[in-house]
Engineer: 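Pasting a structure below so you can have a look.
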Amino acid sequence: MKDTLFLEHFSGGMRMIKCIIWDLDNTVWDGIISEMDSVVLNQNIIKVIEEFNKRGVVNSICSKNDYDTAKRKLIELNIWDMFIFPQINWDTKSFNVKRIVTGLHFKEEDVLFVDDSEFEINEVKSVLTKINTCFPFEYEKIDSFLNGISRIQTSEVNNRLQMYKDEVKRIDAEERLHMSRIDFLNSCNIKMIISRARVDDLERIGELIERSHQINSTGISIEKSKLVEMIEDEKNYDVLISSIHDDYGDYGRAGLLVAHKSENYEIILFIVSCRLMGKGISQALLSYTVNEIMESKYKKQIFHFKRNQYNRSMVMFIRMNNFSQGVQDDFGIEMLERCGNDRLEAPGWVEVTVENETR
């Protein structure tokens, strides 16, 4: 396919940090809360936390302390709401950091752990070997991570802290309700709206491409000018974006499908935000698209896929939907052809609606 020429692969440089996990004692504040009540905020660290939050990077806490004592102090200092999913207890820090990473669907490489203790840093790295770490006084290193964060401002960036707070509500509710996973997902009333992308969505599309790695079919980027052409050329391209919300909150625009339409229907890019892993959104988006085109003129349904160290979970997803091995292009992208004409089954707990005509 000639259009592959406009696809540009990521440079493979430093991954963008999505979450920072902070120690409290002698890190967020000077002093040890269990030994003195009059701890003093580290204003340099607070400014950094505020700036990361503004850029859509969430902050959490991992501290060996009494939960109630630490929470009271955080509220008194008016910084409690700056953090999500705090783990404040006497368990090992590796256990607590791993709970944050897995609970919020981050990869280790996407997380920075900041602690004043070399022992604690080494203990965490002994379990989470790919996590980024630094001491609170390493301002230049922290700044280097900050400088690696895009300054793009979208509604999703501005609301990301709240979105993750909503995710924590889901985690707490699932633990409290003791339901099966399927029953809990059914209880969430997940709704997905699929629509044609507009030029107004460009910044969010760029952010999805930049941030999403685990459910990303090829790990490629698209030049902005080319993406505009694709959005406007509805005859030859589908650029579909999906917005998702449930009873706990809004996920925002969290799914993207880009397809080239010729004699075949070729899905050249398929992305879903990592926050939605395991919730059936990928299946809902793909099944809607494939089922809609089944009666159309296309000879083949083709899914472009390039396996990498981050999107391995997509292999089973692709196989379950009957896309089999195909030819490989010069960029190492496989053109997987779908076998059979059976309709794809969508998860029953996701209600899909179409905002405007997508075909």
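Below, each value reflects all heavy atoms present in this structure, side chains not excepted, and no hydrogens, waters or symmetry copies. Each residue takes its place number in the sequence, starting with 1.
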Engineer: Against Asn65, only a single residue in Asn89, Asp25, Asp23 fulfils side chain to side chain donor-acceptor pair (under 3.5 Å); can you say which?
Structural biologist: Asp25

Engineer: Would you call Lys93 and Glu123 a salt bridge, taking side-chain N to carboxylate O under 4.0 Å as the test?
Structural biologist: no

Engineer: Could you tell me whether Glu76 and Lys73 make a salt bridge, using a distance below 4.0 angstrom between a side-chain N and a carboxylate O?
Structural biologist: yes

Engineer: Under the criterion side chain to side chain donor-acceptor pair (under 3.5 Å), I'd like the reasoning laid out for Asn53 against Asn59: C-alpha separation, chi angles, the key distance, then a yes or no.
Structural biologist: CA-CA 7 Å; Asn53 274 333; Asn59 294 271; 3.0 Å; yes

Engineer: In the hydrophobic cluster built from side-chain contacts under 4.5 Å, what are the other members alongside Met163?
Structural biologist: none

Engineer: Between CZ of Arg338 and CD1 of Ile318, what distance do you get to the nearest 0.5 Å?
Structural biologist: 13.5 Å

Engineer: Taking the basic N atoms (NZ, or NE/NH1/NH2) and the acidic carboxylate oxygens, is any pair closer than 4.0 Å for Lys261 and Asp238?
Structural biologist: yes

Engineer: Taking the side chain as everything from C-beta on, heavy atoms only, tell me whether Phe52 gets closer than 4.5 Å to Leu161.
Structural biologist: no

Engineer: So how far is it from Asn321 CG to Ser287 OG, rounded to the nearest 0.5 Å?
Structural biologist: 7.5 Å

Engineer: Any salt bridge between Lys300 and Glu263, counting N to O under 4.0 Å?
Structural biologist: no

Engineer: Taking only residues two or more places apart in sequence, or in another chain, which ones meet Met179 in a side-chain contact (heavy atoms from CB on, under 4.5 Å)?
Structural biologist: Leu177, Asp183, Phe184, Ser187

Engineer: How long is the gap from CD1 on Ile215 to CZ on Arg275, to the nearest 0.5 Å?
Structural biologist: 11.0 Å

Engineer: Give the intermediate values and the outcome of side chain to side chain donor-acceptor pair (under 3.5 Å) for residues Glu337 and Asn264.
Structural biologist: CA-CA 10 Å; Glu337 183 178 342; Asn264 301 321; over 6 Å; no

Engineer: Side chains of Asn216 and Asn311: do they bring a donor and an acceptor to under 3.5 Å?
Structural biologist: no

Engineer: Is the charged tip of Arg170 near the ring of Tyr251: under 6.0 Å from the six-membered ring centre and within 45° of its axis?
Structural biologist: yes

Engineer: By salt bridge (charged side-chain N to carboxylate O under 4.0 Å, His left out), which residues pair with Lys279, not counting sequence neighbours?
Structural biologist: Glu167

Engineer: Working to the nearest 0.5 Å, report the span between CG of Asp115 and CD1 of Ile21.
Structural biologist: 11.0 Å

Engineer: Side-chain heavy atoms under 4.5 Å apart, restricted to Ile/Leu/Val/Met/Phe/Trp/Tyr: what other residues fall into the cluster of Ile32, or is it alone?
Structural biologist: none

Engineer: Can you check whether Lys130's main-chain N or O pairs, donor with acceptor, with Lys107's side chain at less than 3.5 Å?
Structural biologist: no

Engineer: Consider only side-chain N and O atoms of Gln162 and Asp250, and report whether a donor and an acceptor are under 3.5 Å apart.
Structural biologist: no

Engineer: Which of parallel (below 30°), tilted (30 to 60°) and perpendicular (above 60°) describes Phe303 and Phe305?
Structural biologist: tilted

Engineer: Considering residues at least two apart in sequence or located in another chain, which fulfil the side chain to side chain donor-acceptor pair (under 3.5 Å) criterion with Gln214?
Structural biologist: none

Engineer: State plainly whether the residues Glu203 and Lys224 are in salt-bridge range, i.e. N to O under 4.0 Å.
Structural biologist: yes

Engineer: Is the closest side-chain heavy-atom distance between Arg198 and Ile241 below 4.5 Å?
Structural biologist: no

Engineer: Is Glu334 salt-bridged to Lys306, going by a charged N under 4.0 Å from an acidic O?
Structural biologist: no

Engineer: Rounded to the nearest 0.5 Å, how far does CD of Glu156 lie from OG of Ser273?
Structural biologist: 9.5 Å

Engineer: Do the non-hydrogen side-chain atoms of Ile17 and Asn132 ever get within less than 4.5 Å of each other?
Structural biologist: yes

Engineer: Charged N to carboxylate O below 4.0 Å: is that the case for Glu266 and Lys299?
Structural biologist: no

Engineer: Once ring pair (Phe, Tyr, Trp, His ring centres under 6.0 Å) is applied, what residue pairs with a partner in residues 53-105 remain, sequence neighbours excluded?
Structural biologist: none

Engineer: Tell me whether Glu138 at atom CD has more than 12 heavy atoms from other residues, nucleotides or ligands lying less than 6.0 Å away.
Structural biologist: yes

Engineer: Side chains of Ile121 and Val124, heavy atoms from C-beta outward: is any pair under 4.5 Å?
Structural biologist: no

Engineer: Tell me whether the centres of the aromatic rings in Phe317 and Phe323 are closer together than 6.0 Å.
Structural biologist: no

